[in-house]
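Working notes, beginning with the structure itself.
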Amino acid sequence: YKVTGVQTCALPISTARALALLEEVEASFVGLDRIAAHAASLARFSQGRLSLACLPALSQALVPDALARFAADAPEASVGLVPLESPQLGAALTAQRHDLGLTEESAPEACGHQPLVRTQEVVVLPMGHDLAQRRVLMPTDFEGLPFVSLSPADPYRQRIDGVFQAAGVQRRWAVESASAASVCALVRSALGVALVNPLSALAMADGLVLRPFAVPVAFEVHLVWPQWRVEHPLRAALVAALHATAHDWQRRLEVVLATG
């Protein structure tokens, strides 16, 4: 009989034993084929796992779309998404623990960086709110209104508070939350109005009205990579997917703010 193209002589054993031997040999060849295919994929690194660390807000906005775009180009690759708050994120990137990072601050030590998003904080209002009739909102428009804020230690909270203090505007404190996504959900429930980053606002836009704020409060996202960690072969593909997605989101934001 013949085994995977190899001619063998007839064996003086029973048919059942011969079939059992044939099955075992063929199984061995199938196993070798699988090993060869896996080795080839490792050579291409198509199944390589990238580690992407980012702030929790970004793991809920922009990043999911970017990973979907990346997966379409590298379907066998996998990504470990690690949401971390700011101090832990900077420490992990400095320690070279991740292939890429997304931060809202300058690059940590021992890391390279490039801008990914540069835009402004936006106003979020519940549907049907009186301020939704205005195209651009001034600080004075918020006088006496219930306001949903980020946590007091949040740097964006501090900048926003500074804008209203400089304008002499007294808002009415409603609710505080550490999460921009939570702030948007609270506004949607008509607990107040808020200023948040535009990525979270877009991700949570259903049931909300977004408006520009007359006083610029800059919002930036930086793409960060470790300088001493060996570059992952698929890092460039993920970077390209992040840039393309960021461009799409910024275009969406322009349309939403322009059309209301």
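Sequence positions, counted from 1, serve as the residue numbers for this chain.
- For the atom pair CD (Glu143) and CE (Met138), the distance works out to 13.5 Å, reported to the nearest 0.5 Å.
- One hydrophobic cluster holds both Phe219 and Leu116 under the rule that ILVMFWY side chains link at heavy-atom gaps under 4.5 Å.
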Please determine whether side-chain contact (heavy atoms from CB on, under 4.5 Å) holds for the pair Arg49 and His232, giving the CA-CA distance in whole Å, both sets of side-chain angles, and the decisive distance to 0.1 Å. CA-CA 9 Å; Arg49 182 180 183 276; His232 193 290; 5.6 Å; no

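- At least one side-chain heavy atom of Arg235 sits under 4.5 Å from a side-chain heavy atom of Trp225.
- Remark: side-chain polar atoms of Gln158 are paired, donor with acceptor, to backbone N or O of Pro152 under 3.5 angstrom.
- Within the model, atoms NE2 of His98 and OG of Ser51 stand 4.5 Å from one another, a figure rounded to the nearest 0.5 Å.
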Could you walk me through whether Phe142 and Gln170 pass side-chain contact (heavy atoms from CB on, under 4.5 Å), step by step? CA-CA 8 Å; Phe142 295 83; Gln170 296 294 321; over 6 Å; no

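- For the pair Val136/Arg211, no side-chain contact is recorded, criterion being any heavy-atom separation below 4.5 Å from C-beta on.
- Checked against Cys54 for a side chain to side chain contact (heavy atoms under 4.5 Å, CB included), the options Val221, Leu242, Leu102, Leu62 give a single hit: Leu102.
- In the hydrophobic clustering of this structure, Leu81 groups with Val117; members are Ile, Leu, Val, Met, Phe, Trp, Tyr whose side-chain heavy atoms approach within less than 4.5 Å, directly or through other members.
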Exercise for the section: Quick one: do Ile160 and Glu121 satisfy side-chain contact (heavy atoms from CB on, under 4.5 Å)? Show the steps, please. Expected result: CA-CA 9 Å; Ile160 291 166; Glu121 299 272 291; 3.8 Å; yes

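- Atom CG of Leu93 is separated from atom CZ of Arg229 by 10.0 Å, given to the nearest 0.5 angstrom.
- Every residue was checked against the side chain to side chain donor-acceptor pair (under 3.5 Å) condition with Ser189, not counting sequence neighbours, and none meets it.
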Give the intermediate values and the outcome of side-chain contact (heavy atoms from CB on, under 4.5 Å) for residues Val148 and Ser177.
CA-CA 8 Å; Val148 182; Ser177 175; 5.6 Å; no

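- The side-chain heavy atoms of Pro115 and Leu223, taken from C-beta on, include no pair separated by under 4.5 Å.
- With hydrophobic clusters built from ILVMFWY side chains whose heavy atoms lie under 4.5 angstrom apart, Leu150 shares a cluster with Val122.
- Atom NE2 of His113 has 12 or fewer heavy atoms from other residues, nucleotides or ligands within 6.0 Å.
- Shown here is Arg135, whose CZ atom has more than 12 heavy atoms of other residues, nucleotides or ligands within 6.0 Å.
- Close placement of the Phe213 and Phe164 rings is indicated, their centers lying within 6.0 Å of each other.
- The minimum heavy-atom distance linking Trp249 with Leu199 is given by the pair CZ3-O, 3.3 Å.
- Distance CG/Leu257 to CG/Leu253: 4.5 Å, rounded to 0.5 Å.
- Val175 and Leu208 fall within the same hydrophobic cluster, defined by Ile, Leu, Val, Met, Phe, Trp and Tyr side-chain heavy atoms under 4.5 Å apart, directly or through other members.
- Judged purely by distance below 3.5 Å, without hydrogens or angles, the side chains of Ser200 and Asn197 pair a donor atom with an acceptor atom.
- When the side chain to side chain donor-acceptor pair (under 3.5 Å) test is applied to Glu176, the partners found at least two apart in sequence or on another chain are Arg157.
- When every heavy atom of Thr94 is checked against every heavy atom of Ala110, the shortest pair comes out as O-CB, 4.3 Å.
- Pro139 and Val163 get closest at one heavy-atom pair: CG-CG1, 4.2 Å.
- Atom CH2 of Trp228 has 12 or fewer neighbouring heavy atoms from other residues, nucleotides or ligands inside a 6.0 Å radius.
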Using the side chain to side chain donor-acceptor pair (under 3.5 Å) rule, take Glu105 and Ser86 through it: C-alpha gap first, then chi angles, then the decisive distance, then the call. CA-CA 9 Å; Glu105 303 170 351; Ser86 186; 3.0 Å; yes

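- A heavy-atom distance below 4.5 Å is not found between the side chains of Pro146 and Val193.
- Nearest heavy-atom pair across Gln60 and Ala181 is OE1-CB, 3.2 Å.
- Atom CD of Glu254 sits about 8.0 Å away from atom OG1 of Thr119, to the nearest 0.5 Å.
- Atom CZ of Arg188 sits about 6.0 Å away from atom CG of Asp206, to the nearest 0.5 Å.
- A single hydrophobic cluster is not seen to contain both Val124 and Leu195; linkage of ILVMFWY side chains at heavy-atom distances under 4.5 Å, directly or through other members, places them apart.
- For the pair Arg134/Leu131, a side-chain contact is recorded, criterion being any heavy-atom separation below 4.5 Å from C-beta on.
- The heavy-atom pair separating Ala218 from Arg159 by the smallest distance is O-NH1, 3.4 Å.
- Taking both residues in full, the closest heavy atoms of Pro126 and Val209 are given as O-CG2, 4.2 Å, listed atom of the first, atom of the second, then distance.
- Note on Asp161 versus Arg171: salt bridge recorded, some NZ/NE/NH1/NH2 to OD/OE distance being below 4.0 Å.
- Counting only N and O atoms by type, the side chains of Thr245 and Arg69 include a donor and acceptor under 3.5 Å apart.
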